[in-house]
*Asks:* 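Please read through the structure below; I'll follow up with questions.
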Amino acid sequence: MAAIEFSEEQSMLLETAADFCRTHSPIDAVRIQIEQEHSTTPELWQAMADLGWLGVTIPEQYGGLGMSLADAVPIVESMGRHLMGSPYVATTLAAQALITSGNEEQKTHWLSEIAAGAPASLALTEEDGNWRLQEITATATANGDALTLAGSKCFVLDATQAKVVVASVMLDGVARLVLIQADQIPSGALAREVVIDETRRSYTLQLDGISVPQSQLLDGADFVALEQAAMLLLVAEMSGGLAGVLHVIIDYLTTRKQFDQYIGSYQSLKHPTVQILLSMEACRSHLYHAATLMAAGDAEAAEEAVRMAKAQGSEAFAFAGDRAVQFHGGFGFTYECDAQLYLRRALWCQYQFGDAAYHRELLAPLLLDAAV
Amino acid sequence: MSVTQAELHEFEQQADHWFAENKPATPDFILPETFMEVGTDQQFEYLRDWQNKVYEAGYVGMAWPKEFGGGGMDQVFQDIATRAMAKHRVPFLPNTIGLNWAGPLILHMGTQAEKQKYIKGILSAEDIWCQGFSEPDHGSDLGSAQCRAVKDGDEYIVNGSKIWTSLGSYAKYMILLARTATGGPNKYAGLSFFLAPMDAAGVEPRPIKKLTGEYGFCQTFFNDARIPASSLMGKEGEGWKVAMATLTFERGAVGGQAGGLSMMDLSINDIVELARRAKRNGRPAIEDPHVRGQLVDLITESRSNALMATRSNVPALASDWPTSVSMSGKLRSSELKRRMCQFAISLQGANGARYVSRDAVDGGMWQRSYLNAFSGTIGGGTSQIQHNIIGERVLGLPK
Ligand SMILES: Cc1cc2nc3c(=O)[nH]c(=O)nc-3n(C[C@H](O)[C@H](O)[C@H](O)COP(=O)(O)OP(=O)(O)OC[C@H]3O[C@@H](n4cnc5c(N)ncnc54)[C@H](O)[C@@H]3O)c2cc1C
């Protein structure tokens with residue numbers, strides 16, 4: 001039950017990724033990037049492509065490295081540690097949709113593009129904020145050889161950079177996935193959203209007026225795998241973010257003095273900080289456990305593990321961000337203080353793909369109602 | 001030492017078989033849950049006989065040196081045997097202080113003669129050990145301990161008292177922290193560490209009634225008690241260093257323990273099972289959405305603890321604070337256990353208000369377990385002190 005496997009290759013990936021993100025995403029760079037149009041620079045994106053990261057999860061026959069989603073975890077965790085924005089997560093998830101649900105032709109074309117450096121994205125959530133991925137209202141209607149799309153999707157990350165977006169739509173009463181190429185999105189269909197995590201570039205995608213060939217409908221529609229993948233990568237970001245915010249807290253607690261004492265000597269600051277440390281260790285353990293099970297292809301065990309990880313991590317990271325602000329006093333209330341960056345990131349992670357209460361509810365039957 | 005998979009597998013089956021066959025019958029009296037709650041002779045004898053039987057069969061101290069009574073084998077065998085004990089839910093081994101901290105300490109820094117004298121008796125439970133650290137006026141602030149030991153020829157004369165001495169009435173030896181000098185540069189200087197005999201004249205353990213109404217620990221009085229000078233461990237005045245080494249064994253931050261269970265195991269599955277049976281307002285508690293949410297949280301937390309132990313075996317996945325997992329083991333498990341027991345009572349409706357009796361749910365064991373669970377959150381350094389230690393030593397926060 002409690003297996004965590006981590007290969008030599010994964011250790012190397014983790015080391016490289018930690019190094020890369022530390023070098024390229026110091027906090028000043030994060031703040032500069034926040035002011036830019038995109039979530040990353042073309043140079044950094046190219047550097048990630050050169051490292052092979054875009055193809056980590058993509059099978060070798062499509063130009064990838066043929067590893068699994070578990071191997072993207074150390075990369076995403078390191079990015080989270082340094083609040084590094086980029087279309088990496090969105091692109092990796094879009095690739096995952098193609099891998100689990102695409103046909104040969106779709107995979108050959110798009111997975112090769114992604115492995116070679118094309119950003120991609122997912123359009124799953126809608127205006128009502130429902131986390132159940134198959135309860136959607138956007139539609140596709142067959143119209144000869146074409147599918148006419150209608151409705152709108154939200155939280156489409158890095159959509160203006162994506163060469164292709166995988167969107168969920170109802171077709172004949174069934175939730176399906178359809179590919180939309182960048183050149184099929186009319187100007188004005190993408191509107192930037194104001195979201196709490198300013199390192200993200202998030203858009204609403206208006207589907208009305210978009211029409212795509214039937215061949216862009218994915219054969220399968222594995223929403224279960226897609227949700228698990230999305231949760232896993234969010235937990236990776238949270239695990240990294242927890243370590244990052246803990247450093248921010250410790251730096252202040254060991255340098256700021258009040259009443260002639262370092263504030264870290266006060267137990268009402270020290271003890272919650274220890275709780276944050278232990279919750280970070282717990283989160284990291286759940287993360288790599290879930291990754292191990294997903295890599296092993298044990299979907300049922302993986303669902304339990306990844307929902308636990310998402311529930312635990314969401315609360316832990318939100319608590320850490322919240323305390324980080326409080327522990328900085330008046331400075332914590334400023335835009336200049338880094339605590340807010342982590343708190344905003346934590347809120348984003350918490351409310352994308354299900355918060356703790358949601359996952360607890362889904363875990364209850366898995367954990368409590370199994371055969372006695 | 002190289003061990004083949006086949007050997008391990010064979011040993012696992014052998015241990016599994018032995019514990020299945022030899023698990024003692026449940027007695028008609030209540031057993032204590034940890035070594036800190038052994039309160040009657042009946043309880044003590046039952047547990048001591050059990051440890052002795054386990055030792056005779058070779059399932060404890062397997063990795064300790066053969067020449068002193070251990071098994072001289074690879075640690076993996078002990079780990080397998082300990083797992084078999086947990087699996088069969090056999091009683092714990094009562095000589096916990098000897099097996100888990102005095103013993104490892106003696107093996108780590110004792111002389112050849114000390115090892116010869118003490119190790120075998122620790123393993124066989126013939127010689128029970130207790131710990132004389134806390135005093136009535138100094139518990140968390142152990143460094144200020146005042147119990148005096150004054151050298152007189154080849155003896156020390158001890159005066160003062162120690163308190164909360166678990167197993168004090170049954171122990172043959174005590175690891176004793178006493179002050180041999182005053183007026184040093186700081187409070188720690190002047191403390192010395194002894195392997196003191198409890199049968200010396202002038203040593204008197206008096207049982208103290210616990211919050212459960214049972215007995216379980218003692219106040220140990222020293223009135224001109226004479227102990228041999230040779231019982232000094234390390235050098236005079238270096239007792240604090242030795243005591244700290246002991247505490248690292250106690251917290252499980254380093255290996256070397258003899259193995260075996262040191263407490264009755266409470267698993268989250270027991271609580272899920274209780275939630276199926278117990279009724280709240282006429283319905284099984286497990287159907288209550290609020291209860292379900294709390295159960296999921298507790299399961300997640302116990303899984304966190306299990307997974308942290310697993311992750312420790314993958315050095316590449318250590319965090320920026322690599323000692324946090326090992327240093328927090330007692331804090332995490334004792335606090336979780338306390339909350340699990342508290343929660344178990346909440347599943348019982350008005351019957352939550354009962355205590356040990358026939359009418360109580362499961363004979364009142366949950367209420368008793370809850371009260372006893374504070375032994376983990378207070379004994380061995382309180383949870384508050386554990387937070388301080390982790391904050392200061394692991395995170396580098398100021399004192
Ligand atoms: C069941 C049981 C068995 C025990 N067995 C043994 C034994 O065998 N041998 C032995 O030597 N001792 C034993 N102890 C004693 C135990 O180690 C002490 O009780 C413990 O260290 C606390 O000391 P104290 O009782 O003096 O409480 P105090 O130190 O007086 O603490 C009182 C309260 O103040 C808090 N506190 C104190 N200092 C601080 C601080 N700096 N920061 C924040 N909070 C603080 C504590 O957390 C606690 O809540 C046992 C205790 C129990 C409950």
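Here is the naming used below: chain letters follow the sequence lines, and residue numbers restart at 1 for every chain.
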*Asks:* Counting only heavy atoms not in B:Glu10 (residues, nucleotides, ligands), do more than 12 fall under 6.0 Å from its CD?
*Replies:* no
*Asks:* Under a 4.5 Å heavy-atom cutoff, which of A:His286, A:Glu15, A:Glu315 has the most pairs with chain B?
*Replies:*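 Max contact count across the listed options: A:His286.
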*Asks:* Counting only non-hydrogen atoms closer than 4.5 Å, does A:Leu368 touch chain B with its backbone (N, CA, C, O), its side chain (CB onward), both, or neither?
*Replies:*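 Contact with chain B is through both the backbone and side chain of A:Leu368.
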*Asks:* Evaluate A:Glu281 against B:Ser319 for side chain to side chain donor-acceptor pair (under 3.5 Å), listing each step before the verdict.
*Replies:* CA-CA 7 Å; A:Glu281 297 290 4; B:Ser319 74; 2.6 Å; yes
*Asks:* Taking atom CD of B:Gln75 as the centre, does the number of heavy atoms from other residues, nucleotides or ligands within less than 6.0 Å exceed 12?
*Replies:*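 Yes, the 6.0 Å shell around CD holds more than 12 heavy atoms from other groups.
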*Asks:* Less than 4.5 Å to any heavy atom of chain A: does that hold for the side chain of B:Asn313, its backbone, both, or neither?
*Replies:*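 Answer is neither: B:Asn313 stays 4.5 Å or more from chain A.
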*Asks:* Check whether A:Leu253 gets within reach of chain B through its side chain, its backbone, both or neither, counting any heavy atom under 4.5 Å.
*Replies:* both
*Asks:* In terms of heavy-atom pairs under 4.5 Å with chain B, which of A:Leu269, A:Leu363, A:Ile250, A:Thr254 leads?
*Replies:* A:Ile250
*Asks:* Between A:Glu304 and chain B, with a heavy-atom cut-off of 4.5 Å, which part of the residue counts as in contact: side chain, backbone, both or neither?
*Replies:* side chain
*Asks:* Sub-3.5 Å donor-acceptor pair from the side chain of A:Arg284 to the main-chain atoms of B:Ala318, do we have one?
*Replies:* yes
*Asks:* What distance do B:Glu335 atom CD and A:Leu278 atom CG have between them, rounded to the nearest 0.5 Å?
*Replies:*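 Spacing of CD (B:Glu335) from CG (A:Leu278) equals 11.0 Å.
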*Asks:* Do other residues, nucleotides or ligands put more than 12 heavy atoms under 6.0 Å from the CG atom of B:Asn186?
*Replies:*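 Above 12, so yes.
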*Asks:* Less than 4.5 Å apart, side chain to side chain, heavy atoms only: is that true for B:Arg292 and A:Pro365?
*Replies:*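 Yes - at least one pair of side-chain heavy atoms lies under 4.5 Å apart.
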*Asks:* Counting C-beta onward and ignoring hydrogens, is there a side-chain heavy-atom pair between A:Gln267 and B:Gln384 closer than 4.5 Å?
*Replies:* no
*Asks:* Is A:Arg307 close to chain B through its backbone or its side chain, or both, or neither, when contacts mean heavy atoms under 4.5 Å?
*Replies:*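 For A:Arg307, there is no contact with chain B at all, as no heavy atom is under 4.5 Å.
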*Asks:* For the interface with chain A, which of B:Val325, B:Asp320, B:Leu317 has the highest count of heavy-atom pairs at distances below 4.5 Å?
*Replies:* B:Leu317
*Asks:* If we define contacts as heavy-atom pairs under 4.5 Å, which of A:His247, A:Glu5, A:His359 has the most with chain B?
*Replies:* A:His247
*Asks:* Look at B:Asn305, B:Asn269, B:Asp297, B:Val272 and state which one has the largest set of heavy-atom pairs under 4.5 Å with chain A.
*Replies:* B:Asp297
*Asks:* Considering heavy atoms only, which positions within residues 389-399 of chain B lie below 4.5 Å of chain A?
*Replies:* B:Ile390, B:Gly391, B:Glu392, B:Val394, B:Leu395, B:Gly396, B:Leu397, B:Pro398, B:Lys399
*Asks:* For B:Trp321 and A:Ala243, work out which heavy atoms get closest and say how close.
*Replies:*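 Nearest heavy atoms, B:Trp321 then A:Ala243: CH2-O, 3.8 Å.
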*Asks:* Among A:His271, A:Gln312, A:Glu361, A:Lys270, single out the residue with the greatest number of heavy-atom pairs under 4.5 Å to chain B.
*Replies:* A:His271
*Asks:* Taking all non-hydrogen atoms of both residues, which atom of A:Ser285 and which atom of B:Met308 are closest, and how far apart?
*Replies:*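 Residues A:Ser285 and B:Met308, closest heavy atoms: OG-CG, 3.3 Å.
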*Asks:* In Å and rounded to the nearest 0.5 Å, what is the SG to CG distance from A:Cys283 to B:Leu307?
*Replies:* 11.5 Å
*Asks:* How long is the gap from CD1 on B:Ile299 to CG on A:Leu367, to the nearest 0.5 Å?
*Replies:*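 Atom-to-atom, B:Ile299:CD1 and A:Leu367:CG are 4.5 Å apart.
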*Asks:* If you count every heavy atom of other residues, nucleotides or ligands that lies below 6.0 Å from B:Met244 atom CE, does the total exceed 12?
*Replies:* yes
*Asks:* With side chains defined as the heavy atoms from C-beta onward, is the minimum distance between B:Leu295 and A:Arg360 less than 4.5 Å?
*Replies:* no
*Asks:* By a 4.5 Å heavy-atom criterion (distance strictly below it), what part of B:Glu301 contacts chain A: side chain, backbone, both, or neither?
*Replies:*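 No part of B:Glu301 comes within 4.5 Å of chain A.
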